[in-house]
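Predicted, not measured: the structure shown is a model, and the values here were computed from it.
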Amino acid sequence: MKTSYLVKHFVGSFLFFTIIFISAGRINYWQGLVYVLIGLIMFVLNYTVLRIDPELLNERSKPGEGTRQWDKAILGLSFLVTISMYITAGLDSGRYHWSPDFHWSLALLGIILTMSGQLLFLIAQKQNKLFSSTVRIQTDR
């Protein structure tokens with residue numbers, strides 16, 4: 001496994017987690033801590049149990065040759081939307097409490113659905129050898 005990919009993945013995750021806690025204005029933000037825990041579990045699963053072929057890691061680390069410009073634009077836009085989502089979540093439930101508190105059962109359901117979705121994503125990456133970060137015609141494979 002490429003160490004650079006592992007470091008890049010870890011630094012990216014750390015950046016997103018940092019944005020959540022800075023937006024929340026505190027470190028004892030339990031929703032953020034749960035999200036970090038889920039992220040760390042999926043990180044470990046990705047590089048241990050669901051180990052992916054090193055060639056695929058390289059493929060998925062950046063948009064490949066032949067990627068259309070509109071797909072690169074969508075990838076960039078999704079990055080900005082994700083950052084905005086983390087900032088809004090931290091400001092809302094961590095700092096200003098704009099939304100009312102939810103019953104603990106809804107929070108638990110959200111945790112279960114988040115973990116299930118992340119696990120499904122990792123399994124799809126493991127099973128599909130053509131799983132890529134963008135849409136493109138892969139004549140080389």
Side-chain angles (χ1 to χ4, degrees), residues 1-138 140-141:
M1 177 183 329
K2 293 182 93 174
T3 305
S4 62
Y5 183 80
L6 187 67
V7 169
K8 181 180 170 183
H9 190 165
F10 182 78
V11 169
S13 296
F14 183 76
L15 172 71
F16 284 128
F17 298 153
T18 302
I19 288 170
I20 292 172
F21 289 107
I22 288 174
S23 298
R26 57 195 171 103
I27 196 72
N28 65 341
Y29 172 46
W30 75 266
Q31 294 95 330
L33 292 172
V34 168
Y35 191 72
V36 167
L37 181 63
I38 291 170
L40 291 175
I41 290 169
M42 296 306 154
F43 184 82
V44 169
L45 283 176
N46 194 25
Y47 294 105
T48 57
V49 177
L50 298 173
R51 184 173 299 220
I52 298 172
D53 179 6
E55 179 186 332
L56 291 174
L57 285 177
N58 188 38
E59 164 75 26
R60 295 174 184 157
S61 66
K62 61 190 176 310
E65 287 184 36
T67 300
R68 306 283 182 174
Q69 194 62 35
W70 59 265
D71 203 14
K72 289 180 182 178
I74 290 173
L75 191 61
L77 182 62
S78 69
F79 174 76
L80 292 176
V81 168
T82 301
I83 296 258
S84 301
M85 179 183 66
Y86 287 166
I87 291 171
T88 303
L91 290 173
D92 180 8
S93 65
R95 187 179 295 228
Y96 297 117
H97 306 286
W98 297 321
S99 301
D101 287 333
F102 295 104
H103 191 266
W104 66 267
S105 61
L106 287 176
L108 181 62
L109 178 64
I111 291 167
I112 291 169
L113 289 174
T114 299
M115 289 183 71
S116 299
Q118 291 288 325
L119 191 57
L120 183 64
F121 180 76
L122 290 179
I123 291 170
Q125 279 188 321
K126 174 71 176 170
Q127 298 299 320
N128 185 353
K129 300 296 184 192
L130 300 177
F131 194 103
S132 182
S133 59
T134 57
V135 176
R136 67 186 181 95
I137 304 299
Q138 298 185 33
D140 56 324
R141 297 175 74 181

- prompt: Does a side-chain heavy-atom distance below 4.5 Å link Leu45 with Gln118?
  reply: no
task: Using the test side-chain contact (heavy atoms from CB on, under 4.5 Å), find all partners of Asn28 that sit at least two apart in sequence or belong to another chain.
output: Arg26
Can you list, pair by pair, the side-chain donor-acceptor contacts under 3.5 Å of residues 100-115, counting residues two or more places apart and other chains?
unit_1, atom_1, unit_2, atom_2, d
His103, ND1, Ser105, N, 3.1
His103, ND1, Ser105, OG, 2.8
Thr114, OG1, Gly110, O, 2.8

- request: Provide the closest heavy-atom pair for Met42 versus Leu122 in the form atom of the first, atom of the second, distance.
  value: O-CD1, 3.6 Å
Please table the atom pairs, donor to acceptor, closer than 3.5 Å between any side-chain atom in residues 7-25 and protein atoms at least two apart or in another chain.
unit_1, atom_1, unit_2, atom_2, d
Lys8, NZ, Ser61, O, 2.8
His9, ND1, Tyr47, OH, 2.6
Ser13, OG, His9, O, 3.1
Thr18, OG1, Phe14, O, 2.7
Ser23, OG, Ile19, O, 2.9

Backbone of Leu75 reached by a side-chain donor or acceptor of Ser78 within 3.5 Å: yes
